[in-house]
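Notes follow the structure.
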Protein chains: 4
Amino acid sequence: MKRDKPKYHQIINAAVVVIAENGYHHAQVSKIAKQAGVADGTIYLYFKSKEDILISLFEEKMGSFVEKTQKILAGKKTASEKLLVLVESHFNMLSADRHLAVVTQLELRQSNKELRLKINNVLKNYLKLIDEILRSGIENGEFRASLNLLLARQMIFGTMDETATTWVMNDQKYDLTAMAPEVGNMLLNGFSAH
Amino acid sequence: MKRDKPKYHQIINAAVVVIAENGYHHAQVSKIAKQAGVADGTIYLYFKSKEDILISLFEEKMGSFVEKTQKILAGKKTASEKLLVLVESHFNMLSADRHLAVVTQLELRQSNKELRLKINNVLKNYLKLIDEILRSGIENGEFRASLNLLLARQMIFGTMDETATTWVMNDQKYDLTAMAPEVGNMLLNGFSAH
Amino acid sequence: MKRDKPKYHQIINAAVVVIAENGYHHAQVSKIAKQAGVADGTIYLYFKSKEDILISLFEEKMGSFVEKTQKILAGKKTASEKLLVLVESHFNMLSADRHLAVVTQLELRQSNKELRLKINNVLKNYLKLIDEILRSGIENGEFRASLNLLLARQMIFGTMDETATTWVMNDQKYDLTAMAPEVGNMLLNGFSAH
Amino acid sequence: MKRDKPKYHQIINAAVVVIAENGYHHAQVSKIAKQAGVADGTIYLYFKSKEDILISLFEEKMGSFVEKTQKILAGKKTASEKLLVLVESHFNMLSADRHLAVVTQLELRQSNKELRLKINNVLKNYLKLIDEILRSGIENGEFRASLNLLLARQMIFGTMDETATTWVMNDQKYDLTAMAPEVGNMLLNGFSAH
DNA sequence: TATGAATGAGCCTTCATTCAT
DNA sequence: TATGAATGAAGGCTCATTCAT
């Protein structure tokens, strides 16, 4: 399996750095190869195409993030508590790696429609996580029974995403994680049963 | 003044169609010229560069949208009413022109950082509109006094934007405007003073 | 006759200024029209093409220069005297109009082969003048009988031209005319019968 | 080092042929690539830009010419002998490669001012060679002590250049080299101490 | 596995010239 | 005569991918 070999991750991490520092459109394969310390051609022994690097990048990073989030959520009982932890976890992930934050919030969005559809596919597991929180909240009466699941999920993801993008656009110069409780509470108020 | 001449708008509208149908990266100037029914060179009598077409496109469309929204909001008294109308108006605009919806929600985001900064500049007037609604709501006690204005604005814009993007990505096959009241109410619940 | 109308000369003089100030490749017809105070289309009522402007420019300026030189030479008796006066006159003409000097020594040489062939055609009258000086000098024994007329003419023209070009390339910051006697004498030494 | 690889010279020689046959303004990069038997993109592995090809072309050809001339001159004792050999060598070089003659005498002069300044820089080494001949001739009494070095150099270069250009413009249909002794002697007469 | 030299498709912009008024 | 808006052809350069070694 490719992903077990060290160069696979070496190349993905090189891509994160190169894209963050040069921007999506100036992140040539040759630059990524140089940053990874391999030859241009070697890239193609591990990835089908440049696009494949980007999708794999997102899969790897998002995949491990979803796993971590699942574990954290498992320890929480109420849907409200889970939502608050979700927001905090989301902001934490982005704060932990400033290069990755730039790449996911700004640069990867410059990709074409097809690539973004594939990226959205990767996102689905994360959206499912949100859906589960909402469903459990409705079931146990924390959230309004009349809540439109799709819209509520879009409100959660849209709010977190917009907040994160604004933060990256402002050069990450304030503390994003510190905003998590307030963002979480606003969302909770929107869903609350009372 | 160039913007008063018919060809100016002819070219901008052609650009919307061409970008929507071919994608941002395949929207060659020659295609736009053909769609507008003018020669390639004529484009450059009205726009400095291809980028200038895109910025002007956004300015024209967003500008007239902000104006319209301002007028509609002027007739409303409470902040809650204004917020509901804002969401409805936002969704209405996108529903009214399916090409424009694709362009603003998907294609224009593929532009480089520089162009997006200019686009964000145009967006500022819209964000100010949202801020004013929030401020008035806090002042007259409709919204919680403790509301963080920046976060609340990001929640409003993020939610509308995410909802609209999801709708476009699903080929606009359901009724976006019909979702406005529910989206508006969820947001209101999040800000409500009670 | 076109050349009797004021706009004809207006356009030619505008061309000299525009080419000198912007360089051959940035001297667009529209710039020349603006400088001449006429519309772009008007240019084509007086000249067949842009190339025609440049040839006419050279014809007009060179033509009047050859005429003046002929008159001056007519008053001189010996070939040596004539040669000295020719050099002085040549350098005088270039010193008199710094724009024209730039245009003839630098900018017009950037034109393509065909245009330069036409320009050379205009030059022929000037070269004939030189030939006549040489011929009379040989006839009356001032210059060596064995002199190769073609080579001698090339030496005269090549030396004056190279000297003038170097002077223009050095921003005309020294006195070109002051060099005329020395240049003339060197040439005379080369042709002298003794 | 790029200049040690065969394709470097392959491309330069292709450029000489293409420019000579099509003229400076019709010498597209794609034509040069085809003539060199490489892909368009390969050009840019060896040269920064089209302009870089032209400068390199001049540097290579002029550079090797100056070297050869230096060696030939080293074997000559008197300044007069050196000057005669210089003219002969100059005309020989141009006669040896009819394409190169067209390129250096006609086509390259159509380049813009910037490029010509760079070309002039390359020429400086050649002009130094001329200056040294003149200086030595003055020192050992062969040439007049009163000789103006700058003017004398301009006479030498201007005469050779004009003679060569006229020859190229007449389609190289007579023997340029055969003219060298006569040109050389005329110049010598101009500088001679007696 | 690994290399890196070579490939070649693709597009924005300028500007001389025309022609309806 | 005079205008000036409109035309449309033409080319340098980048970079993802391949393949011989």
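Note on naming: letters A, B, ... go to the chains in the order of the sequence lines (proteins, then strands), and numbering restarts at 1 for each one. Quick note: numbers below take in every heavy atom, side chains included, and nothing from hydrogens, waters or symmetry partners.
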Salt bridge check: are C:D171 and C:R98 linked by an N-O gap of less than 4.0 Å?
no
Residues in side chain to side chain donor-acceptor pair (under 3.5 Å) with A:K50, at least two apart?
none
Whole angstroms only, please: what is the CG-C1' distance between C:D40 and F:dA2?
12 Å
With sequence neighbours excluded, what pairs up with B:M169 under the side chain to side chain contact (heavy atoms under 4.5 Å, CB included) test?
A:R116, A:L117, A:N120, B:L106, B:T165
ring-ring contact (aromatic ring centres under 6.0 Å, His included) pairs, two or more places apart, involving residues 8-43 of chain C:
C:Y8-C:F47, C:H25-D:H25
How many angstroms lie between CD1 in A:I53 and CD1 in A:I12, if you round to the nearest 0.5 Å?
8.5 Å
List in numerical order all residues of residues 42-51 of chain B for which some heavy atom is under 4.0 Å away from an atom belonging to DNA chain E.
B:Y44, B:S49, B:K50
How would DNA chain F look in dot-bracket form, 5' to 3', counting Watson-Crick and G-U wobble pairs with both distances under 3.5 Å and writing | for bases paired to another strand?
.||||||||||||||||||||
Near DNA chain F, counting only heavy atoms under 4.0 Å, which residues of residues 109-121 of chain A show up?
none
Applying side chain to side chain donor-acceptor pair (under 3.5 Å) to C:Y126 and not counting sequence neighbours gives C:H90
Of residues 24-39 of chain D, the positions that come close to DNA chain E - non-hydrogen atoms, cut-off under 4.0 Å
D:V38, D:A39
How would you list, by chain and number, every residue that makes a side chain to side chain donor-acceptor pair (under 3.5 Å) with C:K124, sequence neighbours excluded?
C:N121
Taking only N and O in the side chain of B:K7, is any of them less than 4.0 Å away from OP1 or OP2 of F:dA5?
no
Expressed as a whole number of angstroms, how long is the span from B:K5:NZ to F:dG4:P?
11 Å
For A:D40, side chain to side chain donor-acceptor pair (under 3.5 Å) partners two or more places apart
none
Could you state the atom-to-atom distance from OH of A:Y8 to P of E:dA2 in whole Å?
16 Å
From CD1 (C:I43) to CD (C:Q10), nearest 0.5 Å:
9.5 Å
For A:A101, enumerate each residue passing the side chain to side chain contact (heavy atoms under 4.5 Å, CB included) test, keeping only those at least two apart in sequence or located in another chain.
A:L94, A:W167, A:V168, A:Q172
By side chain to side chain contact (heavy atoms under 4.5 Å, CB included), A:S64 pairs with (sequence neighbours left out) none
Judged by each residue's nearest nucleotide on DNA chain E, which is more toward the 5′ side, D:G41 or C:G41?
D:G41
Start with the C-alpha distance between C:N22 and C:Q28, add both sets of side-chain angles, then the distance that settles side chain to side chain donor-acceptor pair (under 3.5 Å), and finish with yes or no.
CA-CA 9 Å; C:N22 300 277; C:Q28 295 93 335; over 6 Å; no
Can you check the A:I11 CD1 to F:dT17 P distance for me, whole Å?
14 Å
Side chain of D:T42, backbone of D:V38: donor and acceptor closer than 3.5 Å?
no
